[in-house]
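First comes the structure, then the notes that go with it.
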There are 2 protein chains.
Amino acid sequence: MNPSRPVTLDDVARRAGVSRSAASRVINNAPHVSKAKRDAVLRAVHDLGYVPNASARALATNQVGAVVLALSAEDPQVFADPFFAEVIVGVTSVLEETDLELMVMLATSARGQTRLEQLLRTRQADGVMLMSMHGDDPIARLAEQSDVPVVFGGRPVNFEPRYYVDADNRGGARLATEHLVAIGRRRIATITGRMDEGAGTARYKGYQEALAVAGLDAGRVVHGDFTEDGGGRAMAELLARHPDLDAVFVASDQMAIGALRVLKDAGKSVPGHVAVVGFNDIATARHTAPPLTTISQPIQSLGHEMARMLLTLTSGDTPSPLILPTRLVQRASTTSTITARSA
Amino acid sequence: MNPSRPVTLDDVARRAGVSRSAASRVINNAPHVSKAKRDAVLRAVHDLGYVPNASARALATNQVGAVVLALSAEDPQVFADPFFAEVIVGVTSVLEETDLELMVMLATSARGQTRLEQLLRTRQADGVMLMSMHGDDPIARLAEQSDVPVVFGGRPVNFEPRYYVDADNRGGARLATEHLVAIGRRRIATITGRMDEGAGTARYKGYQEALAVAGLDAGRVVHGDFTEDGGGRAMAELLARHPDLDAVFVASDQMAIGALRVLKDAGKSVPGHVAVVGFNDIATARHTAPPLTTISQPIQSLGHEMARMLLTLTSGDTPSPLILPTRLVQRASTTSTITARSA
DNA sequence: TTGAAAGCGCTAACAA
DNA sequence: TTGTTAGCGCTTTCAA
């Protein structure tokens, strides 16, 4: 026997003493095969260690056997982020139950974009999960029109895709702001995220809604960019423009960290003078001084549900969009029972 | 024209008025095509928006057109980690220049392991980058014997693969320990990582070497498990067994965070009583109290170089293994110039 | 330099 | 319930 030649379906058929099509039927457990033949084929498969050739199958069935997780962003550094890693874990845990492979595309360069476009046009994947990280991404619209099944992770700012899974950014922001109201704050500011991202606008809306309901002024607003430095700058501006503020809802933990630093430098105690709530519950949030109250979102579930939704779609069914709940994680930056152990 | 039928090479050939093989030659820019025909084909490709069918090509050439990044670990949560995300970014940035797709496999379940094994046996990828996160992984040995090109990220504890990219864990640990010596500490302990991981043993070795060179006792050792809680427990044990210690090299930042907490609870000041150095330079390290001196490793480069090495291998050349330098990042947990701003 | 034709390994329509 | 046959779209000898 030739050691390097791969085992083909023909080999299996020959070994089992059946026709190739019979063998094929068994492999794909299709009907119309007698139990005797089926067993013979199964044994041959086992003995020979047969594994179907994915390319050949893909060519014959016009199904690729793989889905892609595509992240479209301007800055590749966006992906060097635990968020992204967790999404992959969620996605993988679902795909592991299927025979689909996962391809990852980070579409940031022109070349990457082109490839993603071609993939969408020419159906080189059975489905696409797309997370578009910046506003007004042409890829997003292109994907929506493609006849490849596409599931969005998060919603682009400019339109609502048919199929998406999103965290409840608006609800989370409302939760955060309501919490600030509940602990007695009345002059509540916000540092928003980028307003060309869905998460940015949604969180801003949540802030506005909560204050409207409480009958409080929602005018203490500075727009940030989701970065730590940007959060610091925004906080400084906020202090300059609204020195009376007694709380701030910051649309991301990264920005909140920058804001905490600026508050400390300005001699403001947290939460004494100013209570702070962040968003995302990143690992560092437990370790800031003081630890950061924040909104936690189920990132792995996001990946999980995206994959599930894509499977539903590829199987021909029509899923409905999904919004995953967020929750408040209370820490010392809003509850002053123990401001700091060393105080 | 049929709107949904994909454009094939035949379409291109017909449009350009040449044979299919001529068109194929142009596409793969092979020789033996007149300039006139070449141009005609190119134009047809452009006009028709032709993109080759990857499956068909794979079948014909017996090359898949994809490489896989496989992470083998016992606990899927290992991947929900920025480390992993950064490696992917590094890998992708290289692959983007080629025509290779990236597949990601998280081999943690039995099913995932099996798939990875089959992939290795049946050559369903043009190459594999394997990061094996736990000791004595059968996959690692299997991979090493496979005739699919395999590059390791990090070295398994039990053997040295032919092709690997690793961070200089040993050197980094030496750096960390030497730093503690340099700032005048003499009773330097360590909390090691898991000793069934390459990084765990290598960092322990580095610690030992540095102390040997300095002529100091390297007996203050407790083995940890790379987790925050484990680090806390190990620190407690260290304090119990060696109450005289004046410094500790902790083999990961996560463990160091646990250790810092235990030190504080025990009333030990950092770095006053005990200086602390971590490893990895995770994002949180800047925000602990006090900020953590640590060893930073070039994670994106790791991914980058793994991909490069794999390309070298697939092109038939023989690369040599690579060890990437680490560096010391000095923060307040070892330098007491300003212990704490609020002090 | 060119084109015809065989074949990669599989599936599926058809006939038996 | 079976087996025969014709492709899927591409590459690659081979002969012209």
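Only a predicted model underlies this, so the values are computations on that prediction, with no experimental measurement involved. Every chain is numbered from 1, with letters handed out A, B, ... down the list of sequences.
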What parts of residues 28-38 of chain A reach DNA chain C, counting only heavy atoms under 4.0 Å away? A/N28
Starting at CG of A/D10 and ending at C1' of C/dG7, how long is that distance when rounded to a whole Å? 12 Å
Under the side-chain contact (heavy atoms from CB on, under 4.5 Å) test, which residues partner B/V157, sequence neighbours left out? B/T201
Are A/E96 and B/R115 ion-paired here, with the side-chain N under 4.0 Å from a carboxylate O? no
Please assess A/L302 against A/M131 for the test side chain to side chain contact (heavy atoms under 4.5 Å, CB included), listing each intermediate value before the final yes or no. CA-CA 11 Å; A/L302 191 89; A/M131 311 197 67; 3.7 Å; yes
A/T8 near the nucleic acid: base, sugar-phosphate alone, or nothing, with a heavy-atom cut-off under 4.0 Å? sugar-phosphate
Quick one: does any side-chain atom of A/D126 pair with a main-chain N or O of A/Q63 as donor and acceptor, under 3.5 Å? no
List for me each residue that meets side chain to side chain donor-acceptor pair (under 3.5 Å) alongside B/R20, sequence neighbours excluded, and say none if there are none. B/D10
Might you list the N or O atoms of the protein lying below 3.5 Å from N or O atoms in nucleotides 4-8 of chain D, with each pair's distance?
residue, atom, partner, partner atom, Å
D/dT4, O4, A/S21, OG, 3.4
D/dC8, O2, A/A60, N, 3.4

Separation of atom CG in B/D99 from atom P in D/dT11, rounded to whole Å: 12 Å
Between C1' on C/dC8 and CD on B/Q124, what's the gap in Å once rounded to a whole number? 13 Å
To the nearest Å, how far apart are A/N62 CG and C/dG9 C1'? 16 Å
Supply the atom-to-atom distance A/D137 CG to A/S72 OG, rounded to the nearest 0.5 angstrom. 3.5 Å
From CD1 of A/I27 across to C1' of C/dA12 the rounded distance in Å is 16 Å
Suppose the criterion is ring-ring contact (aromatic ring centres under 6.0 Å, His included): which pairs have a residue in residues 53-77 of chain A, not counting sequence neighbours? none
Applying side-chain hydrogen bond (donor to acceptor under 3.5 Å, both in side chains), which residue pairs with at least one partner in residues 35-50 of chain B are found, sequence neighbours left out? B/R15-B/D47, B/K35-B/D39
